[in-house]
Structure formats: C-alpha cells, structure tokens
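One-based numbering along the sequence shown. The analysis underlying the following values was restricted to heavy atoms, covering all of them including side chains, and did not include hydrogens, waters or symmetry mates.
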Amino acid sequence: MYQPRSEEQPSEPPPPVGTMKATRTPTDVRIGDFILIDGSYQRVRDMRAAGTSAHRVLHFVGHAPLIMRKPQTVCRPISSR
C-alpha cells in the first residue's frame with residue numbers, strides 16, 4: 001500500500017554519553033567538544049582562528065573542517081572536578 005511521504009525532519013541522535021548540551025559561541029568552543037554534523041556527532045580535534053576572533057575553523061578526524069561563525073549547540077564532556 002502507498003504511504004505518503006512524511007514531512008517530519010529526521011530526529012537528531014542522542015548526545016554522546018557523558019556530555020551535556022549547551023549553546024556556545026565560536027570563542028567558547030574547546031578541543032574535545034562534540035558538534036552535530038551531517039547527522040552524527042564529531043569531536044573537535046583542533047581549531048584555528050578564522051580572520052577574526054569571532055570565527056573558528058574546527059578540525060575533525062574523518063570530516064572536512066567547519067567554519068563556525070555563530071553560536072550553535074555543542075556537547076561538552078562533563079568534567080569530574
């Protein structure tokens with residue numbers, strides 16, 4: 001039987017275990033944070049300033065770099081301190 005296509009957006013995966021979601025600015029992102037890219041969370045391995053201190057180029061393993069220009073949701077590991 002024909003099923004009409006759903007207009008719902010695919011749900012995003014749960015955040016990585018041991019992390020907490022928060023909206024962060026480019027200047028507040030840290031190495032080790034996770035960012036949702038193309039349906040999966042990627043861990044920030046390195047970063048560079050991009051022109052101004054308000055922009056960051058984030059580097060990941062196995063994924064192209066991402067230029068972060070505005071605040072977005074980031075999953076940060078919960079520290080045990």
Side-chain angles (χ1 to χ4, degrees):
M1 174 178 236
Y2 174 75
Q3 294 282 334
R5 191 180 228 183
S6 173
E7 295 297 323
E8 295 178 24
Q9 295 293 326
S11 63
E12 79 178 39
V17 175
T19 64
M20 181 179 263
K21 280 185 171 183
T23 301
R24 308 264 182 206
T25 63
T27 57
D28 192 31
V29 173
R30 299 180 189 166
I31 292 174
D33 287 349
F34 291 87
I35 297 182
L36 185 63
I37 303 174
D38 297 334
S40 67
Y41 285 97
Q42 301 292 323
R43 186 176 211 141
V44 177
R45 299 291 183 187
D46 196 13
M47 69 176 92
R48 302 282 187 256
T52 69
S53 63
H55 299 112
R56 294 277 189 260
V57 178
L58 307 178
H59 297 269
F60 310 93
V61 172
H63 196 279
L66 170 77
I67 300 173
M68 186 174 176
R69 294 182 173 98
K70 60 184 180 177
Q72 68 184 80
T73 302
V74 173
C75 295
R76 179 163 292 163
I78 300 170
S79 65
S80 58
R81 294 182 201 180

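- Listed by first and then second residue, the salt bridge (charged side-chain N to carboxylate O under 4.0 Å, His left out) pairs that reach into residues 44-68 are Asp46-Arg48, sequence neighbours excluded.
- Between Arg43 and Pro77 the shortest heavy-atom distance is NH2-CG, 4.0 Å.
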Give every donor-acceptor pair under 3.5 Å between a side-chain atom in residues 30-39 and any protein atom, sequence neighbours left out.
from, atom 1, to, atom 2, distance (Å)
Asp33, OD1, Arg76, NE, 2.9
Asp33, OD2, Arg30, N, 2.9
Asp33, OD2, Arg76, NE, 3.4
Asp33, OD2, Arg76, NH2, 2.9
Asp38, OD2, His63, NE2, 3.1

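- Closest non-hydrogen pair, Ala54 versus Thr27, comes out as CA-CG2, 4.3 Å.
- Residues that satisfy the side chain to side chain contact (heavy atoms under 4.5 Å, CB included) test with Ile67, not counting sequence neighbours, are Val57, Arg69.
- Heavy-atom minimum distance, Pro14 versus Tyr41: O-CE1, 3.3 Å.
- Distance NE2/His55 to CE/Met68: 10.5 Å, rounded to 0.5 Å.
- From Leu66, atom CG reaches atom CD of Gln42 across 10.0 Å, with rounding to the nearest 0.5 Å.
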